[in-house]
Amino acid sequence: MPTAAHRLARARALESLVRDIARDEILPRYLKSARNRKADGSLFTEADVESQRRFAAALPKLLPGPVLGEEMSAETQARLWAEGQGGLWCIDPIDGTTNFVNGIPFFAVSIAYLVDHETRFGVVYNPVTDESFYAAKGAGAFLNGNELPLRPAALHLCDAVAGVDFKRIGHRLGDELAARPPYYSQRNFGSSALEWCFVAAGRLDVYLHGGQMLWDYAAGRLILAEAGGQAAALDGGSLTAGPAVKRGVIAAGSPALFAQWRAWINAHA
């Protein structure tokens, strides 16, 4: 059984690989890639495809296991999820593709390694800002080598800065949040993986998103947990879900603030 120190060493090795592939495959295509649409209407670019290809070849050399990526068919994702209980790479080569295509410097590579479908270590890297968030289970969370959080979460919900994606939550809850927000201020950046990390860092205090897939939270959820934060599925179900399951999520930078946030949402959903 690998120790926490071993997992952290693997996270750092993964971070180095992510930086290399982002430098070679993503940054040269920033502001140059044409947008394309998948069958579900979501965007992808040549940078998504080429970086995923590179990761699929390189990751099993770090640790054995299939590589499950967002830019795969649903059938392939389901098969790899079933085959990968003993070890599975889950990747999103570019989380925030709309930002990437439009020249907004807020997107990231997100990669997690799972055993028994639970994340053991992960990396979220923004190649434009050169910010690398990484964590290993039991070993803490870091931003470019600095331990997270960078600042403590707000003590009270009324003082919190919230990350909220309005377009994916129910009308009643959305109306309540718009008309009578319980927090101080609200932001939405367009990259789920980075938003998880911003809660972990203390840049956001609470978080709400109405529909995330496995690759959106596989790395960020662990980074937040290792930074002392707390998260749960919006409907009370498990966040340990396969690639076909879309989950609403709530999170906060501390357990105490999470309890306040969840109580308010439960009362207004």
Could you check if a side-chain atom of Val101 sits within less than 4.5 angstrom of a side-chain atom of Phe107, using non-hydrogen atoms only?
no
How about Asp175 and Arg172: do any of their side-chain heavy atoms sit closer than 4.5 Å?
no
Heavy-atom neighbours of His156 NE2 exceed 12 at 6.0 Å:
no
Spell out, as yes or no, whether a donor-acceptor pair under 3.5 Å connects the side chain of Asp95 to the backbone of Ala193.
yes
Side chain proximity check, Leu80 to Met72, heavy atoms < 4.5 angstrom
yes
Counting only N and O atoms by type, is there a donor-acceptor contact under 3.5 Å from the side chain of Asn144 to the main-chain atoms of Ser132?
yes
Classify the ring geometry between Trp89 and Phe121 as parallel (under 30°), tilted (30 to 60°) or perpendicular (over 60°).
perpendicular
Is there a chain of hydrophobic side chains (I, L, V, M, F, W, Y, each step under 4.5 Å between heavy atoms) that links Val123 to Leu27?
yes
Linking I/L/V/M/F/W/Y whenever any side-chain heavy atoms sit under 4.5 Å apart, do Leu88 and Val124 land together?
yes
For Arg120, the side-chain contact (heavy atoms from CB on, under 4.5 Å) test, sequence neighbours excluded, returns Arg7, Val115, Asp116, Glu118, Lys137
Here the gap from Phe142 atom CZ to Leu150 atom CG, rounded to the nearest 0.5 Å, amounts to 12.0 Å
Side chain to side chain contact (heavy atoms under 4.5 Å, CB included) between Leu59 and Leu17: does it pass, once the steps are laid out?
CA-CA 9 Å; Leu59 290 171; Leu17 175 67; 3.7 Å; yes
Not counting sequence neighbours, which residues clear ring pair (Phe, Tyr, Trp, His ring centres under 6.0 Å) with Phe189? List them please.
Phe106, Phe198
For residues Tyr184 and Asp205, determine if any side-chain heavy atom of one lies less than 4.5 Å from a side-chain heavy atom of the other.
no
Minimum heavy-atom distance between Ala22 and Pro127, given as atom pair plus value:
CB-CB, 4.0 Å
Are Arg19 and Glu15 within salt-bridge range, i.e. N to O under 4.0 Å?
yes
Is there a donor-acceptor pair under 3.5 Å between the side chain of Tyr30 and the backbone N or O of Phe100?
no
Is there a donor-acceptor pair closer than 3.5 Å between any side-chain N or O of Gln186 and the backbone N or O of Gly163?
no
Does anything in residues 205-225 form a ring pair (Phe, Tyr, Trp, His ring centres under 6.0 Å)? List the pairs, not counting sequence neighbours.
Trp196-Tyr207
Please tell me if the side chains of Leu194 and Phe133 come closer than 4.5 Å, counting only heavy atoms from C-beta onward.
yes
Heavy-atom side-chain contact between Tyr113 and Leu62 under 4.5 Å:
no
Is there a side-chain hydrogen bond (donor to acceptor under 3.5 Å, both in side chains) between Asp130 and Tyr125 once you walk through the steps?
CA-CA 7 Å; Asp130 194 35; Tyr125 177 59; 2.7 Å; yes
Please give me the minimum heavy-atom distance between Leu222 and Gly122, naming the atom from each residue.
CD2-N, 4.2 Å
Are Ile111 and Val109 packed together at the side-chain level, in the sense that at least one heavy-atom pair is separated by less than 4.5 angstrom?
yes
For Gln260 and Leu157, indicate whether the former's side chain and the latter's backbone hold a donor-acceptor pair under 3.5 Å.
yes
Evaluate the side chain to side chain contact (heavy atoms under 4.5 Å, CB included) criterion for residues Arg247 and Asp235: first the C-alpha distance (whole Å), next the side-chain angles of each, then the deciding distance (0.1 Å), finally the verdict.
CA-CA 8 Å; Arg247 287 288 193 199; Asp235 63 3; 3.0 Å; yes
Which is it for Ile265 and Leu173 under the side chain to side chain contact (heavy atoms under 4.5 Å, CB included) test, yes or no, and what are the steps along the way?
CA-CA 7 Å; Ile265 289 174; Leu173 179 56; 4.2 Å; yes
Criterion side chain to side chain contact (heavy atoms under 4.5 Å, CB included) on Arg53 and Glu25, from CA distance to verdict:
CA-CA 10 Å; Arg53 179 187 60 79; Glu25 303 294 348; 4.2 Å; yes
Quick check for you: to the nearest 0.5 Å, what is the distance between Glu195 atom CD and Asp165 atom CG?
7.0 Å
Do NZ/NE/NH1/NH2 and the carboxylate oxygens of Asp48 and Arg29 come within less than 4.0 Å?
no
Please say yes or no: joined through hydrophobic side-chain contacts below 4.5 Å, possibly via intermediate residues, are Ile169 and Val206 part of one cluster?
yes
Tell me whether Gln77 contacts the main-chain N or O of Glu70 through its side chain, where contact means a donor paired with an acceptor under 3.5 Å.
yes
Are Trp261 and Pro182 side-chain neighbours, meaning at least one heavy-atom pair lies under 4.5 Å?
yes
Atom pair NE2 (His117) and OG1 (Thr119), whose distance is rounded to the nearest 0.5 Å:
11.0 Å
